[in-house]
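In what follows, a structure is listed as structure tokens, so that the remarks can point back to it.
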Protein chains: 2
Amino acid sequence: MGAQAKRAAKRRAALSRERILRAAIGLADRGGFELLSMRKLGDKLGVEAMSLYNHVRNKEDMLDGMVDVVFSEIDLPPGGVDWRSAMRQRAISVRQVLTRHPWANGLMESRTTPGPANLRHHDAVLGSLRGAGFSVEMAAHAYSILDGYIYGFTLTELTLPFRKPGDVAKVAGSIMERFRAGEYPHLAEMAVDRAMQPGYAYGDEFEYGLDLILDGIQRAQA
Amino acid sequence: MGAQAKRAAKRRAALSRERILRAAIGLADRGGFELLSMRKLGDKLGVEAMSLYNHVRNKEDMLDGMVDVVFSEIDLPPGGVDWRSAMRQRAISVRQVLTRHPWANGLMESRTTPGPANLRHHDAVLGSLRGAGFSVEMAAHAYSILDGYIYGFTLTELTLPFRKPGDVAKVAGSIMERFRAGEYPHLAEMAVDRAMQPGYAYGDEFEYGLDLILDGIQRAQA
DNA sequence: ACCTGAACACCGTTCAAGT
DNA sequence: ACCTGAACACCGTTCAAGT
């Protein structure tokens, strides 16, 4: 170990699972998921990639840990309010957190070894519904619809070619010739009458659908 | 080129984009998405990986093509029936196709260069709604909720640790100690009272949620 | 106990060379 | 026009060796 490396080693904090997960999340947030490699992560932490394996079983285990950190950032459904408000706030929190960590979206519901924050989160959601008088069956229904919608909507939204108003025109441009040829009249109509209007943002659809679903659950529950 | 290689080359059909996409889909269906590499795909087609690049710009372009093949397998919303039945059948077809091609789920709505089958599909869905008297705005709402739910539910379902009745007990086993400790009472209740019951299948939730959403759309539309 | 260097078995992709 | 071999710049992970 050269003098310079020794100095660097001294300056940096000791490695730990926590620090690794935080750095990995930062890398995925800023660089995108496919840029997250053990080697680059090691670099960022001033360490060889192989050192990570002292604190993390393998990359899969690291992803499990990252996902659980993301879960811990989601607000639990608040107590002291009706179930509808609680579910609403929690849904919005999930979407906010996933917007911060877009790479996590496909991973959230797909880890076969859920971490403690994941379990606590889902337990709290079920608890909120059961506490409001939902049967086990109805709580399962509500849970399934809400999570399906939340993750599905966010998935579509995050990967949509047009997320900000300006993007629509740009992307649509490449498909526009085909639109103009009249091949896809209803898509063309949607693009012109709606998606290309000033102030349009696909994200605004989220709460419309959320409320429609909450209405339906309320009706089924009554 | 040895005599054996020459014979093999003669026996195999000429390479083409079609044949490559079909083989790639087969590999992803059977081996899982992470096993799909250009080199393995070349092997399967009796060709060097580099030959694929004569028919496909790169792996990303190949994925675009694969996703569009999957889109082409989805039934378009049938004409001659009310919009509700049309949307219902189409939703069920999407889920069926995604069950055949689980790797495609996260990719379907995320390609920034949608292929012709993708565009035709979405155009037909919008057309079905517009033809039934939906306003552009209401069609956008319906579309967004339905697709969000369909893709989100299927994503959760496909990656769930327990998909067949038997799996539940197996997976739950590893978390069971924590359940028994009373740390997650509502999850434990759900597992015992519902998920571990004979005949339970998470997939059965799909149509419940679908109908709840269709009810909501119908009500908003009236 | 933790970190490293070298190595292994992989990737996607390019490019010049073959037919 | 299509296919190949060699090469480049990467991966995740193991393992013996260092401290």
Side-chain angles (χ1 to χ4, degrees), chain A residues 1-25 27-28 30-67 103 107 111-113, chain B residues 1-25 27-28 30-67 103 107 111-113:
Chain A
M1 203 197 238
Q4 199 181 352
K6 207 171 281 175
R7 242 180 294 122
K10 215 153 233 169
R11 200 181 317 116
R12 71 175 187 252
L15 224 46
S16 73
R17 189 168 222 267
E18 281 311 301
R19 234 164 69 75
I20 290 173
L21 295 182
R22 225 194 315 277
I25 289 172
L27 217 55
R30 297 199 345 270
F33 189 63
E34 59 289 338
L35 249 86
L36 176 63
S37 76
M38 300 305 268
R39 287 161 137 105
K40 287 212 189 75
L41 182 54
D43 262 19
K44 194 187 168 186
L45 289 162
V47 109
E48 297 298 316
M50 302 74 200
S51 304
L52 303 171
Y53 288 84
N54 285 306
H55 304 90
V56 133
R57 205 162 17 245
N58 50 31
K59 194 178 185 181
E60 206 62 13
D61 176 45
M62 191 176 78
L63 292 179
D64 280 336
M66 292 166 68
V67 166
W103 51 269
L107 270 40
R111 313 311 297 174
T112 47
T113 50
Chain B
M1 205 197 236
Q4 198 182 352
K6 207 171 279 174
R7 242 180 295 120
K10 214 152 235 170
R11 199 184 317 115
R12 73 172 186 253
L15 223 46
S16 71
R17 188 169 222 266
E18 280 312 300
R19 235 164 68 74
I20 290 173
L21 294 182
R22 226 194 317 277
I25 289 171
L27 217 55
R30 298 199 346 270
F33 188 63
E34 58 291 337
L35 249 87
L36 174 63
S37 77
M38 300 305 268
R39 286 160 136 107
K40 287 212 189 72
L41 181 54
D43 262 18
K44 194 186 169 187
L45 289 162
V47 106
E48 296 298 315
M50 302 75 199
S51 305
L52 303 172
Y53 288 85
N54 286 306
H55 304 90
V56 132
R57 203 158 22 241
N58 48 35
K59 196 177 185 183
E60 206 62 15
D61 176 45
M62 190 175 81
L63 292 179
D64 279 336
M66 292 165 68
V67 165
W103 51 269
L107 270 41
R111 313 311 296 173
T112 47
T113 50

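Just the heavy atoms: all of them, side chains too, but no hydrogens, waters or symmetry mates, feed the values below. These numbers come from a predicted model, not from an experiment.
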What nucleotide among C:dT13, D:dT13, C:dC3 has an atom nearest to a side-chain atom of A:Met50?
D:dT13

Quick one: B:Met38 CE to C:dC10 C1', roughly how many Å, whole number?
16 Å

Kindly give the heavy-atom pair with the smallest separation between B:Ala23 and B:Leu45, and that separation in Å.
CB-CD2, 3.8 Å

List the atom of A:Ser16, the atom of A:His55, and the distance in Å for their closest heavy-atom pair.
CA-CD2, 3.8 Å

Without decimals, in angstroms, what is the distance between A:Ile20 CD1 and C:dC3 C1'?
12 Å

I need the minimum non-hydrogen distance between B:Asn58 and B:Tyr53, along with the two atoms involved.
CA-CE2, 3.9 Å

Taking a pair to mean Watson-Crick or G-U wobble geometry with both distances below 3.5 Å, C:dC10 pairs with none

Can you identify which nucleotide, out of D:dC3, D:dG12, C:dC11, has its nearest atom closest to the B:Ser37 side chain?
C:dC11

Would B:Asp61 and B:Arg17 satisfy side-chain contact (heavy atoms from CB on, under 4.5 Å), going step by step from the backbone distance to the final call?
CA-CA 11 Å; B:Asp61 176 45; B:Arg17 188 169 222 266; 2.8 Å; yes

C:dA7 P sits how many Å from A:Arg39 CZ, rounded?
13 Å

Taking the side chain of B:Leu15 as its heavy atoms from C-beta onward, which of D:dC3, C:dG5, D:dG5 lies nearest to it?
D:dC3

Under a 3.5 Å cut-off for both contacts, is D:dC15 paired Watson-Crick or G-U wobble with anything, and if yes, with which nucleotide?
C:dG5

Closest nucleotide among C:dC11, C:dC3, D:dT13 to the B:Lys40 side chain:
C:dC11

I need the NZ-P distance between A:Lys59 and C:dA9, as an integer number of Å.
21 Å

What's the closest nucleotide to the side chain of B:Asn54 if the choices are D:dC2, D:dG12, C:dC3?
D:dC2

Atom-to-atom span, CG of A:Asn58 to P of D:dC11 - whole angstrom:
17 Å

From the options D:dT13, D:dT4, C:dT13, select the nucleotide whose nearest atom is closest to the side chain of B:Val47.
D:dT4

Per B:Ser51 side chain, nearest of listed nucleotides D:dT4, C:dT13, C:dA6
D:dT4

Nearest whole angstrom, please: distance from the P of D:dC10 to the CG of A:Leu35.
11 Å

Nearest whole angstrom, please: distance from the P of D:dC2 to the CD of B:Glu48.
18 Å

Run B:Leu41 and B:Leu27 through side-chain contact (heavy atoms from CB on, under 4.5 Å) and show every step you take.
CA-CA 7 Å; B:Leu41 181 54; B:Leu27 217 55; 4.3 Å; yes

Rounded distance (Å) that lies between atom P of C:dC2 and atom CG of A:Leu45
16 Å

